[in-house]
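Only one structure is covered here, and it is reproduced in the block below.
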Amino acid sequence: MNTLNVKAFGTVAPEADLKEMTINRRDVTSNDVEIDILYCGVCHSDLHTARNEWGGTVYPNVPGHEIVGRITKVGNSVTKFKVGDLAGVGCMVDSCRECESCKEGLEQYCEKGNIQTYNGHDKHTNQQTFGGYSERVIVDEDFVLRIPENLDLAATAPLLCAGITTFSPLRYWNVGPGKKVGIVGIGGLGHMGVKIAKAMGAHVLVITTSLAKVEDAKRLGADEVILSTDKVQMKSHAGTLHFVLDCVSAQHDINAYLSLLKRDGSLTLVGAPEHPLPVAAFSLIPKRKSFAGSMIGGIAETQEMLDFCGQHNITSDIEMIRMQDINKAYDRLLKGDVKYRFVIDMASLKAHHRV
Ligand code: NAP
Ligand code: ZN
Ligand code: ZN
C-alpha cells in the first residue's frame, strides 16, 4: 500500500507537550478522499486522550476530530465528492457497517467499536489513526460530511464534534417548544448546546460555575442563567426541567444537577470526566428520573445537524490559534478559559519551518 509522509502535531507520552512530528498516512484508496485541512477545533477529548486520562492511548498520538478543509484528491470509486469541495470529518472515520447499530445509521455505537479519527485502528495500514492536528487526512467518503457554504468555515469546525454531540441527545430526548432544558458547563460542547436547544425552540437554562459566563450565556441564547455554586439559585430551579444536558469535563456533584429535573425528566451525560461520578439512589427514585449517556452522533445525523446549523446560521464562537500554541491552549482549556472553542489555523503548521 502506498503511504504518505504528513506534517502533524502530536505527543509521545501522557506528560509530554505536543510537538511537531511526521506521520505516515495511507494514500487514497478507491473509496477515499484526501482533505487539505484548513481548520481543526480543539475538543477537551483531545486533551483527555493526549494525556491518557481515559487509558488506552497509543503513542505517538495526534489528536483533532473537528476537521474542515478542501478535497484535493478522490479515489476511483468516489461519487459524493470532487476535488475542490469543502469537506468535514468528525470523531469517526469508519465502522463495521454490518452490525445492527451501523445498519440503523448509529455508527457511533457500532458493536465492533467505531473507528475513531485518532487513537483508532486503521484497517488499511494496521497502525493507529492520526487526527486533524495535521496538514491533510485521508478518509473513506462515507465518513466525510458536506459543509454548508453559507457558514464561516473556521467557526464550523467545532460543529463536527461539539455540535453533533449536543444536537443528537437534544433530538433523541425530544427537546423543542414547551420544554425546559438545562445546559451544564458552558465550554465547547455546552455553548453549542445552548445555541442548538434554543434553535429547536426550547426554553434554555444555563447552569455554570463561571461568574464571567452569566451575562455572556444570554448573548448565546440562554433564557435564564444560574450559578451552580449558589445553593439558593439552584434550589429556586429544583424540579423545573424536562431535560438536562451535562457537558462538564471534570469531577462534579451529579446529584445537585439531578435535583433540577421534573418528574420523569432525564439528565444525559456527554461530558466524560476521568473518574466515576457517584449517584445517590434517592436522586433518581422519588420522581422516576433517568440518568443517561450519549456519544457523538451517526453520520447521517451529523449531516442533518450541519444542514440545521446552515439553515439557522449557527456556528461556534471561536478563538483562533496557531498550531504551535496548542500546549498553552490546553492549559487554558483546563481552567475553563476559552470563549468557547479554540480552532487551529492549519496554515500555521504548513508555513512553519523553525521553532
Ligand atoms: P470544555 O470546553 O473544557 O468545557 C467544559 C466545561 O465544563 C467548562 O467550560 C466549565 O463550564 C465546566 N466545568 C469544568 N470543570 C468543572 C467542574 N469542576 N464543575 C462543574 N463544571 C465544570 O470541554 P468540551 O470540549 O466542551 O468537552 C466537555 C466534555 O465532553 C469533555 O469531558 C469531553 O471529553 C466530553 N466529550 C464527550 C463527547 C461524547 O460523545 N459524549 C464528545 C465530545 C466531548 P462552566 O465554566 O460553565 O462551569
Ligand atoms: Zn470531541
Ligand atoms: Zn457496526
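Order of appearance sets the numbers: ligands from 1, and atoms from 1 within every ligand.
- Here the side chains of Tyr39 and Thr156 are not in contact, with every heavy-atom distance at 4.5 Å or above.
- In this structure, Asp331 does not pair ionically with Lys328, as no charged nitrogen and carboxylate oxygen lie closer than 4.0 Å.
- Between Asp142 and Lys80, the closest side-chain pair of non-hydrogen atoms falls below 4.5 Å.
- Taking the charged nitrogens against the carboxylate oxygens, Asp140 and Lys123 have no contact shorter than 4.0 Å, which rules out a salt bridge.
- With waters left out, the protein N, O or S atoms under 2.8 Å from the Zn ion (ligand 3) add up to 4.
- Side-chain contact annotation: Asn114 with Asp94, donor-acceptor N/O pair under 3.5 Å absent.
- Protein residues with a heavy atom closer than 4.0 Å to ligand 1 are Cys43, His44, Ser45, His48, Trp54, Cys161, Thr165, Gly185, Ile186, Gly187, Gly188, Leu189, Thr208, Thr209, Ser210, Lys213, Cys247, Val248, Ser249, Ala250, Gln251, His252, Val270, Gly271, Ala272, Ser294, Met295, Ile296, Leu333, Arg341, listed by chain and number.
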Which pairs would a plain distance check flag for residues 215-223, meaning a side-chain donor or acceptor within less than 3.5 Å of a matching protein atom at least two apart in sequence or in another chain?
from: Asp216; atom 1: OD1; to: Arg219; atom 2: NE; distance (Å): 2.7
from: Asp216; atom 1: OD1; to: Arg219; atom 2: NH2; distance (Å): 3.2
from: Asp216; atom 1: OD2; to: Arg219; atom 2: NH2; distance (Å): 3.1
from: Asp216; atom 1: OD2; to: Tyr340; atom 2: OH; distance (Å): 2.6
from: Arg219; atom 1: NH1; to: Asp317; atom 2: OD2; distance (Å): 3.0
from: Arg219; atom 1: NH2; to: Asp317; atom 2: OD2; distance (Å): 2.9
from: Asp223; atom 1: OD1; to: Lys198; atom 2: NZ; distance (Å): 2.9
from: Asp223; atom 1: OD2; to: Lys198; atom 2: NZ; distance (Å): 3.0
from: Asp223; atom 1: OD2; to: Val204; atom 2: N; distance (Å): 2.7

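- A donor and an acceptor atom, one from each side chain of Gln311 and Asp307, are nowhere located under 3.5 Å apart.
- Around the Zn ion (ligand 2), the protein N, O or S atoms closer than 2.8 Å are Cys43 SG, His65 NE2, Cys161 SG, listed by chain and residue number.
- Counted by atom type alone, Asp246 and His252 present one or more donor-acceptor pairs between their side chains at under 3.5 Å.
- Residues Asp32 and Thr29 bring a donor and an acceptor atom of their side chains to less than 3.5 Å of each other.
- Between the side chains of Asp46 and Tyr118, at least one donor N or O lies within less than 3.5 Å of an accepting N or O.
- With rounding to the nearest 0.5 angstrom, the OG atom of Ser259 is 11.5 Å from the NE2 atom of His237.
- Salt bridge absent: Arg136 and Asp36 never bring a charged side-chain N and a carboxylate O closer than 4.0 Å.
- In this structure, Glu135 does not pair ionically with Lys7, as no charged nitrogen and carboxylate oxygen lie closer than 4.0 Å.
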